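Computed from a predicted structure; not experimentally measured.
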Amino acid sequence: MPEFSNLPFQNLAIDSLPLAFGIIMAIIGLVFYTQGLPGKFWRRFYAVLPGIVLCCFIPAILNSLGVFADGIGTQIYGFTATYLLPASLLLMTLSMDVPKILGLGWKAIAMFFAASFAIVISGPISLGIAKWVSPDMFTDDTLWRGFSAVAGSWIGGAANQAAMKELFGVSDDLFGMMILVDTTNASLWLLAILIMAKHSEKIDRFLRADTGSIDKVVAAVESYERDNARPGSLNDLMVMFGLCFAMVGLAHFLGGEIAGFFSPYTWAVQYSFASSFFWMVVIITLIGVGFSFTKVRRLDHIGASKIGTVFIFVLIAAIGMQINLNGLVSQWRLLLIGLLWMFIHVVIIFIVARMIRAPFFFLAVGSNANTGGASSAPIVATAFHPSLAPVGVFLGILGYAVGTIGGYVSTQLMRLVVG
């Protein structure tokens with residue numbers, strides 16, 4: 001099986017940042033255009049492959065074919081993560097109904113911690129199976145140390161992953177391979193979630209779930225939009241964008257200052273307190289929650305949450321530009337271990353969800369808040385309904401808090417299992 005990068009498309013390698021950005025925006029526009037067409041073909045097509053999946057997967061295929069030059073996707077993602085991600089969090093959070101979100105109940109938190117626990121124990125189980133099948137891979141302590149980086153990332157995020165690297169002495173080369181294992185399998189699970197979100201009603205019936213609390217939140221938001229929506233004037237839009245990006249800048253500044261305060265402390269680094277991204281997400285979320293209790297919430301009358309959703313889709317496409325499917329061939333054994341790890345995790349959370357009758361929404365967001373973090377958990381929530389994005393934000397932040405502890409426990413269990 002040839003790698004994508006060996007195909008003729010690699011000669012096209014687009015190194016123009018504006019052109020690359022234009023291509024992914026054209027992809028998003030084309031997806032939404034065809035999604036809105038009335039024909040039966042398109043309705044059936046998007047019933048199988050939701051638009052949100054294509055917005056991620058098409059750029060991923062193009063990147064794997066070598067259409068985009070090295071580093072282009074990273075630059076575009078850097079822009080979207082720096083500006084559009086916090087802007088979308090603010091615009092989608094300021095319109096939230098906090099009492100109704102809190103009224104979702106204990107099952108949302110329960111599924112988050114069930115997902116964390118599933119990742120903790122699935123790692124040792126998958127490595128144990130791999131050692132039984134292929135003992136030659138475990139002649140020393142290299143692999144269990146390497147997979148500590150995956151555990152840290154899948155329970156927390158990049159900061160927790162870096163903490164595991166330092167804590168267990170993972171070499172740079174092995175760390176690079178583990179990033180491949182992490183991102184490939186997490187991306188595949190994200191794509192699977194986005195596809196299943198389209199069929200959440202059927203899955204909820206299988207789980208015997210009570211979706212009443214979620215339905216109330218969605219109904220309240222839709223009713224609020226119907227009663228208050230109005231066309232936005234140029235003045236309205238300029239005020240909204242001015243306030244939004246002013247708060248984004250403030251959140252980045254304060255996040256950097258707070259992270260700098262904690263950076264000298266080793267314990268703070270391990271628990272993400274020295275991460276400016278962590279504090280930026282926390283601060284922009286708190287600002288949005290604060291705005292939701294004020295007249296600023298009226299910005300949603302002119303479509304603040306819809307603009308936030310636009311930013312989310314651009315972020316999804318930028319994430320896709322960083323996915324490289326070529327590693328599926330070169331590191332297949334490590335990827336299979338990661339895939340087994342993810343599969344066991346999924347089985348466990350489905351069992352827990354059925355036991356407590358939790359909706360698929362809680363399962364999906366709770367799992368992705370662990371495996372994807374605060375940057376992609378709102379994407380998953382948005383796939384169900386834009387009004388639910390704040391739930392993904394809150395659980396994603398919680399993942400940073402428990403990521404290092406969970407990663408450490410999982411790694412110690414892997415050490416005990418494979419020696």
Nearest atoms (heavy-atom pairs only) where [X] meets [Y]:
X	Y	result
A118	H345	CB-ND1, 3.5 Å
G146	M178	O-CG, 3.1 Å
I193	A364	CG2-CB, 3.7 Å
A81	L315	N-CD1, 4.3 Å
L90	M247	CD2-CB, 3.9 Å
L395	V365	CD1-CG1, 3.8 Å

For the residue pair [X] and [Y], categorise the inter-ring angle as parallel (less than 30°), tilted (30 to 60°) or perpendicular (more than 60°).
X	Y	value
F206	F350	tilted
F262	Y265	perpendicular
F45	W42	perpendicular
F384	F360	tilted
W341	F147	tilted

Should [X] and [Y] count as side-chain neighbours, where that means a heavy-atom distance under 4.5 Å?
X	Y	result
L416	P124	no
L85	F311	no
W189	S367	yes
I121	I348	yes
I307	F241	yes
V314	F21	yes
M321	T74	no

Taking [Y]'s backbone N and O only, do any of them form a donor-acceptor pair with [X]'s side chain (distance below 3.5 Å, no angle check)?
X	Y	result
T294	F291	yes
S410	G407	no
T82	F79	no
K131	V418	yes
S233	D236	yes
S116	F112	yes
N370	A115	no
T34	L30	yes

Spatial distance of atom [atom1] ([X]) from atom [atom2] ([Y]) [nearest 0.5 Å]:
X	Y	atom1	atom2	value
I27	L54	CD1	CG	10.0 Å
N368	W154	CG	CH2	12.0 Å
Q35	L37	CD	CG	10.0 Å
I284	L254	CD1	CG	10.0 Å
I312	L84	CD1	CG	9.5 Å
I379	L194	CD1	CG	8.0 Å

Is the number of heavy atoms from other residues, nucleotides or ligands under 6.0 Å of [X] [atom1] greater than 12?
X	atom1	result
Y83	OH	no
M238	CE	no
F245	CZ	yes
Q75	CD	yes

Check against side chain to side chain contact (heavy atoms under 4.5 Å, CB included), F57 and L191: CA-CA 8 Å; F57 197 58; L191 292 172; 3.6 Å; yes

Worked verdict on F68 versus I76 for side chain to side chain contact (heavy atoms under 4.5 Å, CB included): CA-CA 11 Å; F68 301 119; I76 292 177; over 6 Å; no

Steps toward side chain to side chain contact (heavy atoms under 4.5 Å, CB included) verdict (I337, M137): CA-CA 11 Å; I337 295 175; M137 294 179 66; 3.8 Å; yes

Under-4.0 Å salt bridge between R333 and D136: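 Salt bridge flag = yes for D136 with R333.
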
Between W144 and T411, a side-chain donor and acceptor under 3.5 Å: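 There is no such pair between these side chains.
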
D204 and T211: CA distance, side-chain angles, deciding distance, side-chain hydrogen bond (donor to acceptor under 3.5 Å, both in side chains) verdict: CA-CA 8 Å; D204 283 334; T211 62; 5.2 Å; no

Close aromatic pair by centroid cut-off 6.0 Å: F32 and F313: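 Close enough - the centres of the two rings lie under 6.0 Å apart.
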
Derivation and outcome, side chain to side chain contact (heavy atoms under 4.5 Å, CB included), residues I258 and I283: CA-CA 10 Å; I258 298 172; I283 292 168; 4.0 Å; yes

